[in-house]
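Beneath this line is the structure, given in structure tokens, with notes to follow.
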Amino acid sequence: MPKKPATKKPVARKTSKSASKASKDGKRRKKPNTSSYSTYIYKVLKQVHPDTGISRKAMIVMDSFVHDIFERLASEAGRLARYNSRHTITSREIQTSVRLILPGELAKHAVSEGTKAVTKYNSSP
């Protein structure tokens, strides 16, 4: 009796990432919007201290801090714009909110750095 030729069994292949992200109705799942300042925090750290690193937990704390300060400044600037019957938050509202929220010397340095940044932006082509 002659032997039957060996038949290959179908191999279960791994699904690609796009296929694994597909939901029940066949559409790709959207990535959650997670905004983070970690790349910018890291770049500034390297400018100030090139040989210093930062741990993951420390980066999370710094990211949370920056989010919090941004939220405070934005809400205060919006409040100032509303008080003055304006629809636009300008650098003037931001500067005033910085003076109101940040303490003493920190506010002075922040205002000078912000003024320098706005001047540089306006002078660029």
Side-chain angles (χ1 to χ4, degrees):
M1 182 168 168
K3 288 187 175 180
K4 291 182 183 177
T7 57
K8 288 187 175 181
K9 293 180 183 177
V11 178
R13 296 186 186 253
K14 291 182 179 178
T15 58
S16 66
K17 286 186 178 183
S18 61
S20 65
K21 286 187 178 182
S23 61
K24 293 177 185 175
D25 56 353
K27 292 181 182 177
R28 282 190 71 177
R29 200 175 350 154
K30 196 175 177 184
K31 285 185 180 178
N33 285 338
T34 54
S35 60
S36 174
Y37 295 101
S38 59
T39 54
Y40 310 107
I41 293 167
Y42 191 76
K43 286 177 183 177
V44 171
L45 175 67
K46 288 302 168 186
Q47 283 178 353
V48 179
H49 298 290
D51 56 337
T52 306
I54 186 167
S55 70
R56 189 171 173 272
K57 283 187 178 182
M59 184 59 81
I60 290 169
V61 169
M62 286 298 297
D63 191 56
S64 176
F65 172 74
V66 173
H67 273 287
D68 181 52
I69 294 294
F70 176 80
E71 193 64 38
R72 289 185 197 183
L73 291 174
S75 62
E76 186 65 36
R79 213 174 293 125
L80 287 166
R82 206 173 324 120
Y83 290 160
N84 295 314
S85 304
R86 304 259 190 255
H87 295 284
T88 308
I89 295 175
T90 63
S91 60
R92 188 170 185 219
E93 281 81 24
I94 298 295
Q95 189 178 85
T96 308
S97 63
V98 164
R99 284 195 171 125
L100 288 170
I101 291 172
L102 298 181
E105 198 70 21
L106 190 59
K108 288 178 187 174
H109 284 290
V111 167
S112 68
E113 287 296 318
T115 305
K116 189 169 78 175
V118 169
T119 305
K120 183 179 175 183
Y121 176 79
N122 288 334
S123 67
S124 65

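Predicted model, so just to flag it, every value in this text is computed and none were measured.
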[X]: which residues meet the side chain to side chain donor-acceptor pair (under 3.5 Å) condition with it, sequence neighbours left out?
{"X": "Asp68", "value": "Arg72"}
{"X": "Arg92", "value": "none"}
{"X": "Ser75", "value": "none"}
{"X": "Ser64", "value": "none"}

Hey, could you give me the [atom1]/[atom2] distance between [X] and [Y], rounded to the nearest 0.5 Å?
{"X": "Leu106", "Y": "Ile101", "atom1": "CG", "atom2": "CD1", "answer": "11.5 Å"}
{"X": "Thr96", "Y": "Leu73", "atom1": "OG1", "atom2": "CG", "answer": "11.5 Å"}
{"X": "Ile41", "Y": "Ser36", "atom1": "CD1", "atom2": "OG", "answer": "6.5 Å"}

Assigning hydrophobic clusters by single linkage (Ile, Leu, Val, Met, Phe, Trp, Tyr; side-chain heavy-atom cutoff under 4.5 Å), is [X] placed with [Y]?
{"X": "Val118", "Y": "Val111", "answer": "no"}
{"X": "Ile60", "Y": "Val44", "answer": "no"}
{"X": "Phe70", "Y": "Tyr42", "answer": "yes"}

Could you name each residue pair satisfying ring-ring contact (aromatic ring centres under 6.0 Å, His included) that touches residues 82-121, not counting sequence neighbours? none
Where at least one partner belongs to residues 74-86, residue pairs that pass salt bridge (charged side-chain N to carboxylate O under 4.0 Å, His left out), sequence neighbours excluded: Glu76-Arg79
I need the full list of salt bridge (charged side-chain N to carboxylate O under 4.0 Å, His left out) pairs touching residues 104-125, with sequence neighbours left out, sorted by first then second residue. Glu113-Lys116
Before you tell me yes or no, could you show the steps for Gln95 and Thr115 under side-chain contact (heavy atoms from CB on, under 4.5 Å), namely the whole-Å CA-CA distance, both residues' side-chain angles and the distance that decides it to 0.1 Å? CA-CA 9 Å; Gln95 189 178 85; Thr115 305; 3.6 Å; yes
Closest non-hydrogen contact found for Ser38 with Asp63 is N-OD1, 3.8 Å
Could you pull out every donor-acceptor pair under 3.5 Å between side chains of residues 45-56 and any protein atom, sequence neighbours left out?
| residue | atom | partner | partner atom | Å |
| --- | --- | --- | --- | --- |
| Lys46 | NZ | Pro50 | O | 3.1 |
| Lys46 | NZ | Thr52 | O | 2.7 |
| Ser55 | OG | Ala58 | N | 3.2 |

List in chain and number order the residues that pass ring-ring contact (aromatic ring centres under 6.0 Å, His included) with Tyr37, two or more places apart in sequence or in another chain; answer none if no residue qualifies. His67
Using the test side chain to side chain contact (heavy atoms under 4.5 Å, CB included), find all partners of Ala77 that sit at least two apart in sequence or belong to another chain. Ile89, Glu93, Ile94, Ser97
